[in-house]
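To keep things clear, I will list the structure first and then write my remarks on it.
Starting from 1, each residue takes its place in the sequence as its number. Note that ligands are numbered from 1 as they come in the structure, with each ligand's atoms numbered from 1 the same way. This structure is a prediction, so every number in the text was calculated from the model and none was measured.
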Amino acid sequence: MINLGLIGWPVSHSISPLMHNAALKALGLQGEYRALPVLPHELRDFPDELRDLPDELATVMQRIRSGELLGVNVTIPHKQNVLPYLDDIAEDARIIGAVNTICMKDGKLTGFNTDAPGFLTDLTQKMLAAGHDVSAHGSALVLGAGGSARAVVRALSEAGWQVHIAARNLSQARDLVDHFTQACSTQSAITASLLDAKALLPQIARFRLVVNTTPVGMTPKTWFSPWPEGLALPGHAFLYDLIYNPAETLLIRQAKEAGLAASNGLGMLVEQAALAFEIWTGIRPPREVMVAAVPEFTNR
Ligand code: NAP
(Lines give C-alpha, C1' and ligand atoms only; values in the text may rest on other atoms or scores of the structure.)
Protein backbone atom coordinates (compact mmCIF):
# COMPACT_ATOMS: atom_id res chain seq x y z
CA MET A 1 0.00 0.00 0.00
CA ILE A 2 1.51 3.32 -1.13
CA ASN A 3 0.70 6.18 1.25
CA LEU A 4 1.49 9.68 0.01
CA GLY A 5 0.40 13.13 1.10
CA LEU A 6 0.63 16.88 0.88
CA ILE A 7 1.63 18.96 3.89
CA GLY A 8 0.67 22.62 3.93
CA TRP A 9 -1.91 25.06 5.26
CA PRO A 10 -4.50 25.30 3.91
CA VAL A 11 -4.48 22.22 1.69
CA SER A 12 -8.15 21.37 1.32
CA HIS A 13 -8.42 23.07 -2.10
CA SER A 14 -5.27 21.48 -3.54
CA ILE A 15 -5.60 19.57 -6.78
CA SER A 16 -2.49 17.47 -6.06
CA PRO A 17 -4.54 14.57 -4.58
CA LEU A 18 -6.59 14.42 -7.80
CA MET A 19 -3.47 14.19 -10.00
CA HIS A 20 -1.60 11.66 -7.83
CA ASN A 21 -4.60 9.43 -7.13
CA ALA A 22 -5.34 9.35 -10.87
CA ALA A 23 -1.72 8.31 -11.55
CA LEU A 24 -1.83 5.57 -8.88
CA LYS A 25 -5.08 4.23 -10.33
CA ALA A 26 -3.86 4.35 -13.94
CA LEU A 27 -0.76 2.38 -12.99
CA GLY A 28 -2.80 -0.18 -11.04
CA LEU A 29 -0.95 0.68 -7.81
CA GLN A 30 -2.68 0.19 -4.47
CA GLY A 31 -2.37 3.43 -2.57
CA GLU A 32 -3.67 6.86 -1.69
CA TYR A 33 -2.45 10.47 -1.73
CA ARG A 34 -4.12 12.60 0.96
CA ALA A 35 -4.07 16.21 2.06
CA LEU A 36 -2.22 16.43 5.41
CA PRO A 37 -3.03 19.85 6.89
CA VAL A 38 -0.22 21.09 9.16
CA LEU A 39 -0.88 24.30 11.06
CA PRO A 40 1.89 26.93 10.79
CA HIS A 41 3.74 27.62 14.06
CA GLU A 42 2.49 31.25 14.13
CA LEU A 43 -1.09 30.01 14.33
CA ARG A 44 -0.32 27.28 16.85
CA ASP A 45 0.27 29.87 19.61
CA PHE A 46 -3.26 31.07 19.20
CA PRO A 47 -5.98 30.26 20.18
CA ASP A 48 -5.41 28.55 23.54
CA GLU A 49 -6.94 25.20 22.66
CA LEU A 50 -4.32 24.66 19.92
CA ARG A 51 -1.33 25.49 22.10
CA ASP A 52 -0.44 22.01 23.29
CA LEU A 53 -0.69 20.21 19.98
CA PRO A 54 2.30 17.96 19.17
CA ASP A 55 4.78 19.20 16.54
CA GLU A 56 2.88 18.07 13.47
CA LEU A 57 5.80 18.54 11.06
CA ALA A 58 7.96 16.28 13.24
CA THR A 59 5.12 13.74 13.33
CA VAL A 60 4.80 13.63 9.55
CA MET A 61 8.60 13.34 9.16
CA GLN A 62 8.59 10.41 11.59
CA ARG A 63 5.82 8.73 9.55
CA ILE A 64 8.10 8.95 6.47
CA ARG A 65 11.12 7.63 8.40
CA SER A 66 9.08 4.67 9.67
CA GLY A 67 7.86 3.83 6.17
CA GLU A 68 4.21 4.46 7.03
CA LEU A 69 4.29 7.24 4.40
CA LEU A 70 6.31 6.62 1.23
CA GLY A 71 6.69 10.36 0.69
CA VAL A 72 5.05 13.76 0.79
CA ASN A 73 4.76 16.96 -1.18
CA VAL A 74 5.21 20.22 0.68
CA THR A 75 3.42 23.45 -0.06
CA ILE A 76 2.96 26.92 1.45
CA PRO A 77 3.83 27.78 4.21
CA HIS A 78 6.12 24.80 4.95
CA LYS A 79 8.53 24.73 1.97
CA GLN A 80 11.26 26.27 4.16
CA ASN A 81 9.90 25.07 7.53
CA VAL A 82 10.73 21.43 6.70
CA LEU A 83 14.44 22.08 6.05
CA PRO A 84 15.63 21.55 9.67
CA TYR A 85 13.93 18.13 9.82
CA LEU A 86 15.83 16.69 6.84
CA ASP A 87 19.05 14.61 6.77
CA ASP A 88 19.85 15.57 3.19
CA ILE A 89 18.74 18.18 0.65
CA ALA A 90 19.14 17.71 -3.11
CA GLU A 91 21.11 20.40 -4.94
CA ASP A 92 18.18 22.20 -6.62
CA ALA A 93 16.27 22.37 -3.34
CA ARG A 94 19.35 23.55 -1.43
CA ILE A 95 20.08 26.34 -3.89
CA ILE A 96 16.43 27.38 -4.22
CA GLY A 97 16.08 27.22 -0.44
CA ALA A 98 12.77 25.37 -0.59
CA VAL A 99 11.63 21.75 -0.63
CA ASN A 100 8.43 20.50 -2.28
CA THR A 101 9.04 16.73 -2.18
CA ILE A 102 10.31 14.48 0.63
CA CYS A 103 11.07 10.78 0.92
CA MET A 104 13.64 8.37 2.33
CA LYS A 105 16.63 7.95 0.02
CA ASP A 106 19.64 5.77 0.92
CA GLY A 107 18.40 5.70 4.53
CA LYS A 108 18.21 9.50 4.74
CA LEU A 109 15.14 11.73 4.95
CA THR A 110 15.76 13.75 1.80
CA GLY A 111 14.19 16.93 0.40
CA PHE A 112 13.86 17.70 -3.31
CA ASN A 113 12.53 20.58 -5.38
CA THR A 114 10.71 19.52 -8.53
CA ASP A 115 9.35 23.00 -9.35
CA ALA A 116 12.53 24.03 -11.19
CA PRO A 117 12.84 20.96 -13.47
CA GLY A 118 9.04 20.84 -13.82
CA PHE A 119 8.99 24.43 -15.04
CA LEU A 120 11.91 23.94 -17.43
CA THR A 121 10.52 20.74 -18.95
CA ASP A 122 7.13 22.29 -19.63
CA LEU A 123 8.61 25.59 -20.84
CA THR A 124 10.84 23.75 -23.30
CA GLN A 125 7.95 21.68 -24.67
CA LYS A 126 5.70 24.73 -25.03
CA MET A 127 8.38 26.86 -26.70
CA LEU A 128 9.25 24.08 -29.15
CA ALA A 129 5.56 23.56 -29.96
CA ALA A 130 5.29 27.29 -30.69
CA GLY A 131 8.27 27.13 -33.05
CA HIS A 132 10.79 28.85 -30.75
CA ASP A 133 14.43 27.77 -30.89
CA VAL A 134 15.10 26.73 -27.28
CA SER A 135 18.77 25.96 -27.87
CA ALA A 136 19.54 29.62 -28.60
CA HIS A 137 18.38 30.86 -25.16
CA GLY A 138 19.05 34.62 -24.79
CA SER A 139 17.55 37.00 -22.23
CA ALA A 140 14.59 36.13 -20.03
CA LEU A 141 12.48 38.56 -18.02
CA VAL A 142 11.05 37.16 -14.77
CA LEU A 143 8.21 39.14 -13.19
CA GLY A 144 8.20 38.82 -9.38
CA ALA A 145 10.79 37.74 -6.83
CA GLY A 146 8.89 35.43 -4.46
CA GLY A 147 8.97 31.66 -3.86
CA SER A 148 8.23 30.44 -7.37
CA ALA A 149 10.60 33.04 -8.88
CA ARG A 150 13.43 31.28 -7.03
CA ALA A 151 12.70 27.98 -8.82
CA VAL A 152 12.26 29.76 -12.17
CA VAL A 153 15.50 31.76 -11.84
CA ARG A 154 17.40 28.63 -10.86
CA ALA A 155 16.00 26.66 -13.81
CA LEU A 156 16.58 29.41 -16.39
CA SER A 157 20.08 30.34 -15.29
CA GLU A 158 21.16 26.68 -15.19
CA ALA A 159 19.74 26.29 -18.71
CA GLY A 160 21.90 29.18 -19.93
CA TRP A 161 19.43 32.09 -20.02
CA GLN A 162 20.52 35.61 -19.02
CA VAL A 163 17.89 36.32 -16.37
CA HIS A 164 16.50 39.74 -15.48
CA ILE A 165 14.24 39.85 -12.41
CA ALA A 166 11.69 42.69 -12.30
CA ALA A 167 9.81 43.13 -9.02
CA ARG A 168 7.82 45.82 -7.26
CA ASN A 169 10.18 45.39 -4.32
CA LEU A 170 13.65 46.10 -5.74
CA SER A 171 15.56 44.94 -2.67
CA GLN A 172 13.80 41.54 -2.80
CA ALA A 173 14.85 41.20 -6.47
CA ARG A 174 18.43 42.24 -5.66
CA ASP A 175 18.57 39.67 -2.86
CA LEU A 176 17.70 36.99 -5.43
CA VAL A 177 20.41 38.25 -7.78
CA ASP A 178 23.02 38.10 -4.98
CA HIS A 179 21.86 34.68 -3.85
CA PHE A 180 21.82 33.03 -7.28
CA THR A 181 24.96 34.72 -8.53
CA GLN A 182 26.82 33.12 -5.62
CA ALA A 183 24.96 29.80 -5.54
CA CYS A 184 24.76 28.86 -9.22
CA SER A 185 27.71 27.52 -11.15
CA THR A 186 26.45 29.17 -14.33
CA GLN A 187 28.25 32.12 -15.87
CA SER A 188 24.95 33.66 -17.06
CA ALA A 189 24.40 37.17 -15.75
CA ILE A 190 21.43 37.75 -13.42
CA THR A 191 20.20 41.35 -13.08
CA ALA A 192 17.29 43.14 -11.42
CA SER A 193 15.12 46.23 -11.70
CA LEU A 194 11.79 47.57 -10.64
CA LEU A 195 8.76 46.10 -12.38
CA ASP A 196 7.77 49.31 -14.16
CA ALA A 197 7.78 50.75 -17.67
CA LYS A 198 10.56 53.26 -16.97
CA ALA A 199 13.02 50.60 -15.79
CA LEU A 200 12.15 48.03 -18.46
CA LEU A 201 11.73 50.21 -21.58
CA PRO A 202 15.47 50.65 -22.35
CA GLN A 203 16.05 46.88 -22.42
CA ILE A 204 12.68 45.44 -23.45
CA ALA A 205 13.70 44.48 -27.00
CA ARG A 206 16.32 41.97 -25.81
CA PHE A 207 13.90 39.62 -24.02
CA ARG A 208 13.02 36.37 -25.82
CA LEU A 209 11.09 35.02 -22.86
CA VAL A 210 8.80 36.60 -20.25
CA VAL A 211 7.78 34.55 -17.19
CA ASN A 212 5.14 35.74 -14.75
CA THR A 213 5.75 34.42 -11.22
CA THR A 214 3.47 36.94 -9.48
CA PRO A 215 -0.08 35.93 -8.49
CA VAL A 216 -1.46 38.98 -10.33
CA GLY A 217 -4.38 37.94 -12.54
CA MET A 218 -5.19 34.79 -10.59
CA THR A 219 -8.80 33.88 -9.78
CA PRO A 220 -10.75 35.67 -8.35
CA LYS A 221 -9.00 38.94 -9.39
CA THR A 222 -8.74 37.99 -13.04
CA TRP A 223 -9.02 41.57 -14.36
CA PHE A 224 -5.46 42.45 -13.26
CA SER A 225 -2.22 42.01 -15.20
CA PRO A 226 1.32 42.36 -13.80
CA TRP A 227 2.50 43.88 -17.11
CA PRO A 228 3.34 47.61 -16.70
CA GLU A 229 0.90 49.99 -18.36
CA GLY A 230 2.26 51.84 -21.37
CA LEU A 231 4.98 49.26 -22.08
CA ALA A 232 4.76 47.07 -25.21
CA LEU A 233 5.51 43.36 -24.79
CA PRO A 234 8.70 42.29 -26.58
CA GLY A 235 7.47 41.25 -30.05
CA HIS A 236 9.38 37.99 -30.58
CA ALA A 237 9.21 36.68 -27.03
CA PHE A 238 7.41 33.64 -25.61
CA LEU A 239 5.25 34.32 -22.57
CA TYR A 240 4.86 31.80 -19.74
CA ASP A 241 2.43 32.59 -16.92
CA LEU A 242 2.79 30.31 -13.87
CA ILE A 243 -0.89 30.91 -13.08
CA TYR A 244 -3.21 28.09 -14.25
CA ASN A 245 -6.50 29.36 -12.82
CA PRO A 246 -7.88 30.94 -14.94
CA ALA A 247 -6.45 29.10 -17.92
CA GLU A 248 -6.20 32.38 -19.80
CA THR A 249 -5.05 35.27 -17.64
CA LEU A 250 -5.30 38.87 -18.76
CA LEU A 251 -1.51 38.76 -19.29
CA ILE A 252 -1.86 35.79 -21.65
CA ARG A 253 -4.59 37.66 -23.56
CA GLN A 254 -2.36 40.76 -23.77
CA ALA A 255 0.47 38.59 -25.09
CA LYS A 256 -1.68 36.90 -27.72
CA GLU A 257 -3.08 40.25 -28.84
CA ALA A 258 0.50 41.46 -29.27
CA GLY A 259 1.29 38.40 -31.45
CA LEU A 260 3.25 36.40 -28.84
CA ALA A 261 2.88 32.67 -28.23
CA ALA A 262 1.93 32.02 -24.61
CA SER A 263 1.32 29.28 -22.06
CA ASN A 264 -0.26 29.05 -18.63
CA GLY A 265 1.30 27.09 -15.73
CA LEU A 266 -0.81 23.93 -15.87
CA GLY A 267 1.96 21.96 -17.55
CA MET A 268 4.42 22.99 -14.83
CA LEU A 269 1.94 21.95 -12.14
CA VAL A 270 1.55 18.50 -13.71
CA GLU A 271 5.26 18.09 -14.45
CA GLN A 272 6.40 18.95 -10.91
CA ALA A 273 3.84 16.47 -9.58
CA ALA A 274 4.92 13.78 -12.04
CA LEU A 275 8.59 14.24 -11.11
CA ALA A 276 7.71 13.91 -7.41
CA PHE A 277 5.74 10.73 -8.15
CA GLU A 278 8.76 9.34 -9.97
CA ILE A 279 11.07 10.17 -7.03
CA TRP A 280 8.77 8.28 -4.63
CA THR A 281 7.90 5.24 -6.75
CA GLY A 282 10.61 5.02 -9.41
CA ILE A 283 7.79 4.87 -11.98
CA ARG A 284 7.18 7.48 -14.67
CA PRO A 285 3.46 8.34 -14.32
CA PRO A 286 1.24 9.05 -17.34
CA ARG A 287 1.14 12.86 -17.67
CA GLU A 288 -2.04 12.80 -19.76
CA VAL A 289 -3.91 11.01 -16.96
CA MET A 290 -2.71 13.60 -14.44
CA VAL A 291 -3.72 16.50 -16.72
CA ALA A 292 -7.15 14.94 -17.24
CA ALA A 293 -7.63 14.79 -13.45
CA VAL A 294 -7.28 18.57 -13.08
CA PRO A 295 -10.69 20.26 -12.71
CA GLU A 296 -12.38 21.97 -15.62
CA PHE A 297 -11.76 25.48 -14.23
CA THR A 298 -8.54 25.50 -16.20
CA ASN A 299 -10.49 25.27 -19.49
CA ARG A 300 -7.82 23.12 -21.08
P1 NAP B 1 4.95 34.50 -3.51
O2 NAP B 1 6.07 33.75 -2.88
O3 NAP B 1 3.98 35.22 -2.64
O4 NAP B 1 5.61 35.55 -4.52
C5 NAP B 1 4.82 36.41 -5.29
C6 NAP B 1 5.68 37.50 -5.89
O7 NAP B 1 4.79 38.34 -6.65
C8 NAP B 1 6.37 38.41 -4.89
O9 NAP B 1 7.56 38.91 -5.43
C10 NAP B 1 5.33 39.53 -4.74
O11 NAP B 1 5.88 40.77 -4.31
C12 NAP B 1 4.89 39.67 -6.16
N13 NAP B 1 3.60 40.34 -6.24
C14 NAP B 1 2.48 40.07 -5.55
N15 NAP B 1 1.50 40.94 -5.89
C16 NAP B 1 2.04 41.80 -6.79
C17 NAP B 1 1.56 42.91 -7.50
N18 NAP B 1 0.29 43.33 -7.35
N19 NAP B 1 2.38 43.55 -8.37
C20 NAP B 1 3.65 43.14 -8.53
N21 NAP B 1 4.19 42.08 -7.88
C22 NAP B 1 3.39 41.42 -7.03
O23 NAP B 1 4.06 33.54 -4.44
P24 NAP B 1 4.55 32.27 -5.25
O25 NAP B 1 4.50 31.08 -4.38
O26 NAP B 1 5.82 32.62 -5.94
O27 NAP B 1 3.35 32.08 -6.31
C28 NAP B 1 3.12 33.06 -7.31
C29 NAP B 1 2.13 32.54 -8.34
O30 NAP B 1 2.68 31.42 -9.02
C31 NAP B 1 0.80 32.06 -7.76
O32 NAP B 1 -0.23 32.46 -8.62
C33 NAP B 1 0.92 30.55 -7.77
O34 NAP B 1 -0.32 29.90 -7.91
C35 NAP B 1 1.76 30.33 -9.02
N36 NAP B 1 2.53 29.10 -8.98
C37 NAP B 1 2.28 28.18 -9.96
C38 NAP B 1 3.01 27.00 -9.97
C39 NAP B 1 2.75 25.99 -11.06
O40 NAP B 1 3.09 24.82 -10.88
N41 NAP B 1 2.17 26.38 -12.16
C42 NAP B 1 3.97 26.74 -8.99
C43 NAP B 1 4.20 27.71 -8.00
C44 NAP B 1 3.45 28.90 -8.01
P45 NAP B 1 5.78 41.22 -2.76
O46 NAP B 1 6.75 40.34 -2.02
O47 NAP B 1 6.17 42.66 -2.82
O48 NAP B 1 4.36 40.99 -2.32
Side-chain angles (χ1 to χ4, degrees), residues 6 8-11 13-16 18-20 73-81 92-93 96-101 113-123 125-126 141-155 163-177 179 192-197 199-200 210-229 231 239-252 262-277 287 290-291 294-295 297-298 300:
L6 170 68
W9 186 273
V11 282
H13 299 301
S14 170
I15 52 184
S16 291
L18 297 172
M19 290 191 288
H20 286 287
N73 278 137
V74 187
T75 189
I76 291 167
H78 296 307
K79 285 185 170 188
Q80 285 88 32
N81 298 345
D92 264 340
I96 292 164
V99 156
N100 78 338
T101 301
N113 188 304
T114 63
D115 282 334
F119 162 71
L120 195 64
T121 301
D122 190 54
L123 173 75
Q125 285 170 2
K126 297 286 162 56
L141 172 60
V142 175
L143 313 181
S148 58
R150 297 177 76 89
V152 165
V153 171
R154 161 74 178 163
V163 180
H164 183 80
I165 306 164
R168 66 176 173 184
N169 178 342
L170 184 56
S171 68
Q172 194 186 28
R174 285 191 174 139
D175 285 349
L176 281 203
V177 171
H179 174 77
S193 73
L194 273 173
L195 173 49
D196 66 22
L200 292 175
V210 177
V211 184
N212 175 38
T213 75
T214 80
V216 183
M218 206 171 133
T219 297
K221 296 184 180 172
T222 55
W223 56 90
F224 287 117
S225 164
W227 192 252
E229 260 183 52
L231 181 69
L239 182 124
Y240 194 100
D241 195 337
L242 260 62
I243 295 172
Y244 48 84
N245 182 12
E248 188 168 89
T249 57
L250 176 55
L251 177 59
I252 291 182
S263 171
N264 65 29
L266 177 65
M268 172 183 173
L269 180 79
V270 171
E271 197 56 38
Q272 61 77 30
L275 291 171
F277 191 97
R287 270 59 171 176
M290 298 176 87
V291 173
V294 175
F297 64 70
T298 57
R300 287 181 296 281

Margin query: For ligand 1 and P215, I'd like to know whether there is a polar contact (N/O to N/O, distance under 3.5 Å).
Written below: no

Item checked: N/O separation below 3.5 Å, L242 to ligand 1 -> yes

Next item on the list: In plain terms, say whether R150 and D175 are close enough for a salt bridge, that is, a side-chain N and a carboxylate O under 4.0 Å apart.
Entry: no

Item checked: Pairwise distance CZ(F277) to CZ(R287) - rounded to 0.5 angstrom -> 10.0 Å

Check: Would the number of heavy atoms belonging to other residues, nucleotides or ligands and lying under 6.0 Å from CZ of R174 be above 12?
Finding: no

Next item on the list: Would you mind checking which non-hydrogen protein atom is closest to atom 4 (O) of ligand 1, with the distance to 0.1 Å?
Entry: G146 CA, 3.3 Å

Note to self: Going by a strict under-4.0 Å cutoff (protein heavy atoms only), does atom 32 (O) of ligand 1 have a neighbour on the protein?
What the structure shows: yes

Margin query: At less than 4.0 angstrom from any non-hydrogen atom of I243, what atoms of ligand 1 do you find?
Written below: 32 (O)

Note to self: Distance alone, cut at 3.5 Å: any donor-acceptor contact between the side chains of T249 and D241?
What the structure shows: yes

Note to self: Checking a contact table here: which protein heavy atom is nearest atom 39 (C) of ligand 1, and how many Å away?
What the structure shows: M268 SD, 3.8 Å

Next item on the list: Can you sort out which atoms of ligand 1 are near Y244, meaning under 4.0 Å from one of its heavy atoms?
Entry: 41 (N)

Notebook entry, point to check: What is the nearest protein non-hydrogen atom to atom 34 (O) of ligand 1, stated with its residue, atom name and distance?
Noted result: M218 SD, 4.0 Å

Next item on the list: Look up atom 10 (C) of ligand 1 and tell me if a protein heavy atom lies less than 4.0 Å from it?
Entry: no

Check: Side chain or backbone of T213 under 4.0 Å from ligand 1, or both, or neither, by non-hydrogen atoms?
Finding: backbone

Checklist line | Distance filter under 4.0 Å to V216 heavy atoms, resulting ligand 1 atoms | finding: 15 (N), 16 (C), 17 (C), 18 (N), 19 (N)

Margin query: Under a 3.5 Å cutoff, is there a donor and acceptor pairing between the side chains of T75 and N73?
Written below: no

Notebook entry, point to check: What's the spacing between S14 OG and M19 CE if we round to 0.5 Å?
Noted result: 7.0 Å

Next item on the list: Compute the shortest N/O to N/O distance between S148 and ligand 1 and return yes if it is under 3.5 Å, no if not.
Entry: yes

Notebook entry, point to check: Could you give the distance from CG (L239) to CH2 (W227), rounded to the nearest 0.5 Å?
Noted result: 8.0 Å

Next item on the list: Report the C-alpha distance between V210 and L143 in whole Å, list the side-chain angles of each, state the deciding distance to 0.1 Å, and finish with yes or no for side chain to side chain contact (heavy atoms under 4.5 Å, CB included).
Entry: CA-CA 8 Å; V210 177; L143 313 181; 4.2 Å; yes

Margin query: As an exercise, identify every atom of ligand 1 less than 4.0 angstrom from a heavy atom of G265.
Written below: 39 (C), 41 (N)

Checklist line | Distance-only polar pair, side chains of N264 and Y240, donor-acceptor under 3.5 Å | finding: no

Margin query: Evaluate R168 for polar contact with ligand 1, using N/O atom pairs at a separation under 3.5 Å.
Written below: yes

Checklist line | Distance filter under 4.0 Å to G147 heavy atoms, resulting ligand 1 atoms | finding: 1 (P), 2 (O), 4 (O), 26 (O)

Note to self: Distance under 4.0 Å to a non-hydrogen atom of A145: what atoms of ligand 1 satisfy this?
What the structure shows: 9 (O)

Margin query: I'd like to check atom 47 (O) of ligand 1 in this structure: does the protein have a heavy atom lying under 4.0 Å from it?
Written below: yes

Notebook entry, point to check: Quick one: CD1 on I15 to CG on N245, what's the gap to the nearest 0.5 Å?
Noted result: 8.0 Å

Next item on the list: Could you check D115, L266, V152 and say which one makes a side-chain contact (heavy atoms from CB on, under 4.5 Å) with L242?
Entry: V152

Next item on the list: Look at atom 25 (O) of ligand 1 and say which protein heavy atom is nearest, naming residue and atom and giving the distance to 0.1 Å.
Entry: I76 CD1, 3.8 Å

